[in-house]
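Heads up, the thing below is written out as structure tokens.
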Protein chains: 2
Amino acid sequence: MDRAAEDLTARARIRDAAIKLFGERGIEGASIRDIAAEAGVSSGLVRHHFGSKEALRDACDRYAKERMMQIGAELTQDGDLTGLDPLALHPIAFPLQLYLVRSMMDGSETATALFLEGVDAVEAWAAGYGITPKDPRGYAAALAAIKLSVLILRDQVSKALGEDITTPAGYNRIGQALMEVFTIPLLTPEQIDKIRKQEK
Amino acid sequence: MDRAAEDLTARARIRDAAIKLFGERGIEGASIRDIAAEAGVSSGLVRHHFGSKEALRDACDRYAKERMMQIGAELTQDGDLTGLDPLALHPIAFPLQLYLVRSMMDGSETATALFLEGVDAVEAWAAGYGITPKDPRGYAAALAAIKLSVLILRDQVSKALGEDITTPAGYNRIGQALMEVFTIPLLTPEQIDKIRKQEK
DNA sequence: GGGTTGACTACACGATTGTGTAGTAGTTTG
DNA sequence: CAAACTACTACACAATCGTGTAGTCAACCC
């Protein structure tokens, strides 16, 4: 996003800068002037192209969602992943994910809709794979939230690991740790029933 | 926190109001004037008692951390949980958790330290229970982050479930769904190895 | 070639923010 | 009883915010 930035139109540079700063600092935490400075333009131009901060955010929401779905489609469509190096993908996809999660937390309808679609997908996937939790919807929602948790708490997780998980290597590490969570059963179904009764 | 609020000192009311609003809207999202209004005092009194917004936040951090550790100690100490009704505990503990997670995300050292202590505890617990992930530290960090994920994404999870998870009933539901995630193995160790090799 | 359009900047506005100051009422202390 | 202190409010200040306005410059159209 650095060398190629000079080739982009000012509008695209503003949008990319907004996605970066909104994702890092939150919507309220990044001002129009900050974004303009990051994109190397005047603050007036942001308004000229997008109208208002809320409209800029909407544009970022739609762009990030579309881009992520596009990347997801390319990843699942080709089974062999030809030409799609996960390592090369990271610098593009990671800021988009960061932005979407943050925008979601700050009340974005578009990003929240993406989350709900994710829950639907997880629920359908689990049912297709013969996974039968007692609360399929709750199970799917929990899984979807988990997928985003390390993204949200990236600073804390990085500190705990002594390794920056925003780098491809660190992200890979925590991703594999997450998979181990899904592999090692911590509780037996009997233990769950016991707790369930306790709380009732 | 409603009827008893009148009996509290103004200082305590301010602190409780700050924990509530900071937790709901984030640190930047809640102004001194908002907090003062919530506590029913003038904005000047907030400054009088706490000095600055940052100092107020520090006081909230320390109070919330101490209070949560106190509750945790009471819960684990007495095996029979005498006198500690989980349902009665929820209105007290939930806002504290919400605040701590939010403060953590907004860069609080105290809250982050609490997270790291949690990771340590999870790691020690896993080792004691004979759970041997390939990356014990990463595993523990992932588990700790997961525990907080549904708290952070409470609006989205609530929407997915059609049920407010900030209520005791809703919180109980998503808590049990989370436990099911830890119960049902989604991947076999062989599948993990396969993915691990693919990504290298 | 004059006129319109779009990209872009500079500057000013009202609102809100955290913070600072001055002052009042009530209690405590010597 | 006077002095000092504490809890508390009212008001002002500078900075920052999103937004609005005016204007420059180049490309394009008739």
Side-chain angles (χ1 to χ4, degrees), chain A residues 4-63 99 102-103 105-111, chain B residues 4-63 99 102-103 105-111:
Chain A
E6 299 173 5
D7 296 338
L8 293 176
T9 64
R11 193 176 202 278
R13 285 208 316 278
I14 293 171
R15 186 236 300 132
D16 288 349
I19 287 177
K20 180 182 177 220
L21 295 190
F22 281 155
E24 287 175 359
R25 313 178 190 173
I27 309 296
E28 301 255 350
S31 70
I32 301 259
R33 287 168 177 86
D34 290 340
I35 294 167
E38 174 80 20
V41 298
S42 72
S43 66
L45 191 60
V46 177
R47 174 171 169 77
H48 172 70
H49 277 301
F50 295 95
S52 73
K53 189 177 187 179
E54 193 57 33
L56 168 61
R57 191 187 165 178
D58 274 356
C60 290
D61 277 344
R62 284 196 304 274
Y63 174 80
Y99 168 77
R102 190 71 202 222
S103 181
M105 285 178 40
D106 288 359
S108 155
E109 303 243 340
T110 305
Chain B
E6 298 173 6
D7 297 338
L8 293 176
T9 65
R11 193 177 202 277
R13 284 209 317 276
I14 292 170
R15 185 237 300 133
D16 288 349
I19 287 177
K20 180 182 177 220
L21 294 190
F22 281 155
E24 286 175 1
R25 312 178 190 173
I27 309 296
E28 300 254 352
S31 71
I32 302 260
R33 286 168 179 84
D34 290 340
I35 293 167
E38 174 79 20
V41 299
S42 73
S43 67
L45 191 60
V46 177
R47 174 171 170 78
H48 172 69
H49 277 300
F50 295 94
S52 73
K53 189 177 185 179
E54 193 56 33
L56 169 61
R57 192 187 165 179
D58 274 356
C60 290
D61 277 343
R62 283 196 304 274
Y63 174 81
Y99 168 77
R102 190 69 202 223
S103 181
M105 285 179 41
D106 289 359
S108 155
E109 303 244 341
T110 306

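Naming convention: chains lettered A, B, ... in sequence-line order (proteins, then strands); numbering from 1 in each chain. When reading the values below, keep in mind they use all heavy atoms of this one structure, side chains included, and skip hydrogens, waters and symmetry mates.
With values rounded to the nearest 0.5 angstrom, B:Y63 atom OH is found 5.5 Å from B:D16 atom CG. Of the inter-residue distances, the one linking B:I35 atom CD1 with B:S43 atom OG reads 11.0 Å to the nearest 0.5 angstrom. Atoms CD and OG, from B:E109 and B:S103 in turn, are 10.5 Å apart once rounded to the nearest 0.5 Å.
A donor-acceptor pair under 3.5 Å is formed between the side chain of A:D106 and the backbone N or O of A:I27.
DNA chain C is contacted by B:R47, B:S52, B:K53 of residues 36-56 of chain B, taking any non-hydrogen atom closer than 4.0 Å. Of the residues in residues 25-35 of chain B, those placing a heavy atom less than 4.0 Å from an atom of DNA chain D are B:R33, in numerical order.
Considering only heavy atoms from C-beta on, B:F22 comes within 4.5 Å of B:L56 through its side chain. Between A:R11 and A:F50 there is a side-chain heavy-atom pair separated by less than 4.5 Å.
Using a cut-off of 4.0 Å between Lys/Arg side-chain N and Asp/Glu carboxylate O, B:D34 and B:R25 are scored as salt-bridged.
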